[in-house]
Amino acid sequence: MPNFTDVTEFTLLGLTCRQELQVLLFVVFLAVYMITLLGNIGMIILISISPQLQSPMYFFLSHLSFVDVCFSSNVTPKMLENLLSETKSISYVGCLVQCYFFIALVHVEVYILAVMAFDRYMAICNPLLYGSKMSRTVCVRLISVPYVYGFSVSLICTLWTYGLYFCGNFEVNHFYCADPPLIKIACGGVHIKEITMIVIAGINFTYSLSVVLISYTLIVVAVLRMRSADGRRKAFSTCGSHLTAVSMFYGTLIFMYLRRPTEESIERGKMVAVFYTTVIPMLNPMIYSLRNKDVKAAVNKAITKTYVRQ
């Protein structure tokens with residue numbers, strides 16, 4: 001029985017085996033990927049050059065955009081390559097690297113979303129202390145924790161993936177190297193990997209989601225106490241975009257990782273994975289810009305400056 005170190009490569013079965021759909025899917029996902037890159041990189045540049053977007057909320061949003069670019073870039077290029085390739089393979093090392101960055105970036109993103117919820121709580125519930133409590137130094141420290149923690153946890157999880165044994169079936173029923181389909185084809189080391197995956201995912205999703213829920217519960221209480229209808233409307237509008245992003249991201253990840261892998265769950269999980277690896281990173285810049293007057297004003301100002309210089 002070969003162990004994991006004897007495996008040289010895996011075959012990624014992808015989204016579909018129908019050849020007539022491969023080119024169509026390539027065009028669609030290439031377009032989605034390009035929109036994702038342009039939208040998120042554009043958001044990062046806009047925040048960095050716009051004086052009106054130099055608040056903590058937009059500082060955290062720029063990091064969310066950066067993580068979305070990395071998240072999508074970890075999965076999409078290989079998926080695009082395999083859509084036009086006959087072999088559809090990924091090396092053993094490449095599979096581990098993809099697993100490592102995927103798990104790390106998931107943890108970074110869920111905790112950035114939690115930090116953003118805490119920032120909204122501070123802005124709405126403690127407006128007089130917001131400037132001093134959420135200083136640049138505090139923001140840098142808050143954003144550093146998700147990166148350090150996410151990449152540290154991912155190293156441990158990837159080492160458990162390395163401990164899986166395989167018995168000749170190297171076909172991964174997915175379009176990237178993910179834990180559930182790898183667990184499904186493994187024949188040894190499965191129990192500890194399966195338990196740790198569910199436990200770690202459960203702990204981190206529960207903790208980060210608790211921060212979000214507690215923050216927004218306190219926000220709702222504070223908003224309902226406001227006498228001004230305009231103040232309530234403004235408070236809810238600033239939180240609406242973040243709640244939309246949180247709901248989409250957490251919902252899809254919980255569906256994927258908080259249950260035992262089966263053939264049926266993995267098949268459904270592929271469709272869900274398309275959503276959180278490609279669609280959500282593309283939608284986030286739109287969600288945070290379409291309903292945000294400050295971002296719209298910054299975009300208009302940047303466009304005006306560009307035309308004036310020309």
**Item:** Pairwise salt bridge (charged side-chain N to carboxylate O under 4.0 Å, His left out) hits with a residue in residues 106-124, at least two apart
**Value:** none
**Fill in**
Those residues at least two apart in sequence (or on a different chain) that pass salt bridge (Lys or Arg N to Asp or Glu O under 4.0 Å) with E81 are K78
**Asked** Is there a donor in the side chain of T137 and an acceptor in the side chain of S135, or the other way round, less than 3.5 Å apart?
**Response** no
**Request:** Given side chain to side chain contact (heavy atoms under 4.5 Å, CB included), test K88 with M79 step by step and report yes or no.
**Result:** CA-CA 9 Å; K88 305 185 187 305; M79 178 179 67; over 6 Å; no
**Request:** Report the distance from atom SG of C70 to atom CZ of F102, rounding to the nearest 0.5 Å.
**Result:** 13.5 Å
**Request:** Could you tell me whether the side chain of Y276 reaches within less than 4.5 Å of the side chain of F71, counting heavy atoms only?
**Result:** yes
**Request:** Mark yes or no for whether N74, through its side chain, and Q98, through its backbone, hold a donor-acceptor pair below 3.5 Å.
**Result:** yes
**Asked** How about Y92 and F10: are their ring centroids closer than 6.0 Å?
**Response** no
**Asked** What residue pairs, at least two apart or across chains, pass ring-ring contact (aromatic ring centres under 6.0 Å, His included) with a residue in residues 179-198?
**Response** none
**Message:** Which heavy atom of S154 sits nearest to which heavy atom of C99, and what is that distance?
**Reply:** OG-O, 4.3 Å
**Asked** Do M197 and I183 touch side chain to side chain, with heavy atoms closer than 4.5 Å?
**Response** yes
**Asked** Taking side chain as C-beta onward, heavy atoms only, is Y250 less than 4.5 Å from V246?
**Response** yes
**Item:** SG-SG distance C95 to C177 under 2.5 Å
**Value:** yes
**Request:** Using the test salt bridge (Lys or Arg N to Asp or Glu O under 4.0 Å), find all partners of K193 that sit at least two apart in sequence or belong to another chain.
**Result:** D179
**Asked** So, does N40 use its side chain to make a donor-acceptor pair with the main chain of P281 at under 3.5 Å?
**Response** yes
**Request:** Starting at CG of L209, measure out to CD1 of I214 and round the result to the nearest 0.5 Å.
**Result:** 10.0 Å
**Request:** With the side chain counted from C-beta on, respond yes when M43 and L61 share a heavy-atom pair under 4.5 Å apart, and no when they do not.
**Result:** yes
**Item:** Check against side chain to side chain contact (heavy atoms under 4.5 Å, CB included), F205 and V106
**Value:** CA-CA 10 Å; F205 292 165; V106 165; 4.2 Å; yes
**Prompt:** Under the criterion side chain to side chain contact (heavy atoms under 4.5 Å, CB included), which of N204, I198, I203 is the partner of I200?
**Reply:** N204
**Request:** Give, for atom CG of L159 and atom OG1 of T196, the distance between the pair rounded to the nearest 0.5 Å.
**Result:** 11.0 Å
**Asked** L30 and M282: same hydrophobic cluster, using ILVMFWY side-chain contacts below 4.5 Å?
**Response** yes
**Asked** Linking I/L/V/M/F/W/Y whenever their side-chain heavy atoms sit closer than 4.5 Å, directly or via other members, would M248 and L113 fall into one cluster?
**Response** yes
**Steps toward side chain to side chain donor-acceptor pair (under 3.5 Å) verdict (Y100, T161)** = CA-CA 9 Å; Y100 174 72; T161 303; over 6 Å; no
**Test: C167-C187 SG spacing under 2.5 Å** = yes
**Message:** Just checking L38: does its CG atom have more than 12 heavy atoms from other residues, nucleotides or ligands closer to it than 6.0 angstrom?
**Reply:** yes
**Message:** For the CD1 atom of I287 and the CD1 atom of I280, what is their distance to the nearest 0.5 Å?
**Reply:** 8.0 Å
**Distance-minimising heavy-atom pair for V211 and A114** = CG1-O, 3.8 Å
**Prompt:** How many angstroms lie between atom OG of S72 and atom CD1 of I35, to the nearest 0.5 angstrom?
**Reply:** 11.0 Å
**Asked** Between Y33 and S73, do the side chains contain an N or O donor and an N or O acceptor separated by less than 3.5 Å?
**Response** yes
**Asked** Can you name the ring-ring contact (aromatic ring centres under 6.0 Å, His included) partners of Y147, sequence neighbours left out?
**Response** H63
**Fill in**
In terms of heavy-atom contacts, L46 and S50 come closest through O-OG, 2.7 Å
**Request:** Decide yes or no on side chain to side chain contact (heavy atoms under 4.5 Å, CB included) for N82 and F175, but give the supporting numbers first.
**Result:** CA-CA 8 Å; N82 286 343; F175 58 89; over 6 Å; no
**Prompt:** Is V221 reachable from I219 through a run of I, L, V, M, F, W or Y residues, each pair having side-chain heavy atoms under 4.5 Å apart?
**Reply:** no
**Asked** Are V172 and T11 close enough that some pair of their side-chain heavy atoms sits under 4.5 Å apart?
**Response** no
**Item:** Student check: side-chain heavy atoms of F249 and T244 closer than 4.5 Å
**Value:** no
**Item:** L24/V28 under side chain to side chain contact (heavy atoms under 4.5 Å, CB included): CA gap, chis, key distance, verdict
**Value:** CA-CA 6 Å; L24 176 61; V28 170; 4.3 Å; yes
**Request:** Give the minimum heavy-atom separation between L142 and F60, together with the two atoms involved.
**Result:** CD1-CZ, 4.2 Å
**Item:** Residue pair Y176 / T277: nearest heavy atoms and the distance that separates them
**Value:** CE2-CG2, 4.2 Å
**Request:** Locate the shortest heavy-atom distance separating I47 from L53; write the atom from each residue and the value.
**Result:** CG2-O, 3.7 Å
**Message:** For residues V145 and V115: do they belong to one hydrophobic cluster (side chain heavy atoms under 4.5 Å, members Ile, Leu, Val, Met, Phe, Trp, Tyr)?
**Reply:** no
**Message:** Taking the side chain as everything from C-beta on, heavy atoms only, tell me whether V274 gets closer than 4.5 Å to K270.
**Reply:** no
**Item:** Separation between OH of Y58 and CD of Q54, rounded to the nearest 0.5 Å
**Value:** 11.0 Å
**Prompt:** Quick one: ring-ring contact (aromatic ring centres under 6.0 Å, His included) pairs with a partner in residues 104-124, sequence neighbours left out?
**Reply:** Y111-Y149
**Message:** Within the 3.5 Å criterion, strictly below it, is a donor on Y288 or H242 matched to an acceptor on the partner's side chain?
**Reply:** no
**Request:** Step through the shown structure and confirm whether more than 12 heavy atoms of other residues, nucleotides or ligands are within 6.0 Å of CZ on F66.
**Result:** no
**Item:** Cluster check M286, M57: I/L/V/M/F/W/Y, side chain < 4.5 angstrom
**Value:** yes
**Request:** Report yes if some heavy atom in the side chain of T36 is under 4.5 Å from a heavy atom in the side chain of V32; otherwise report no.
**Result:** yes
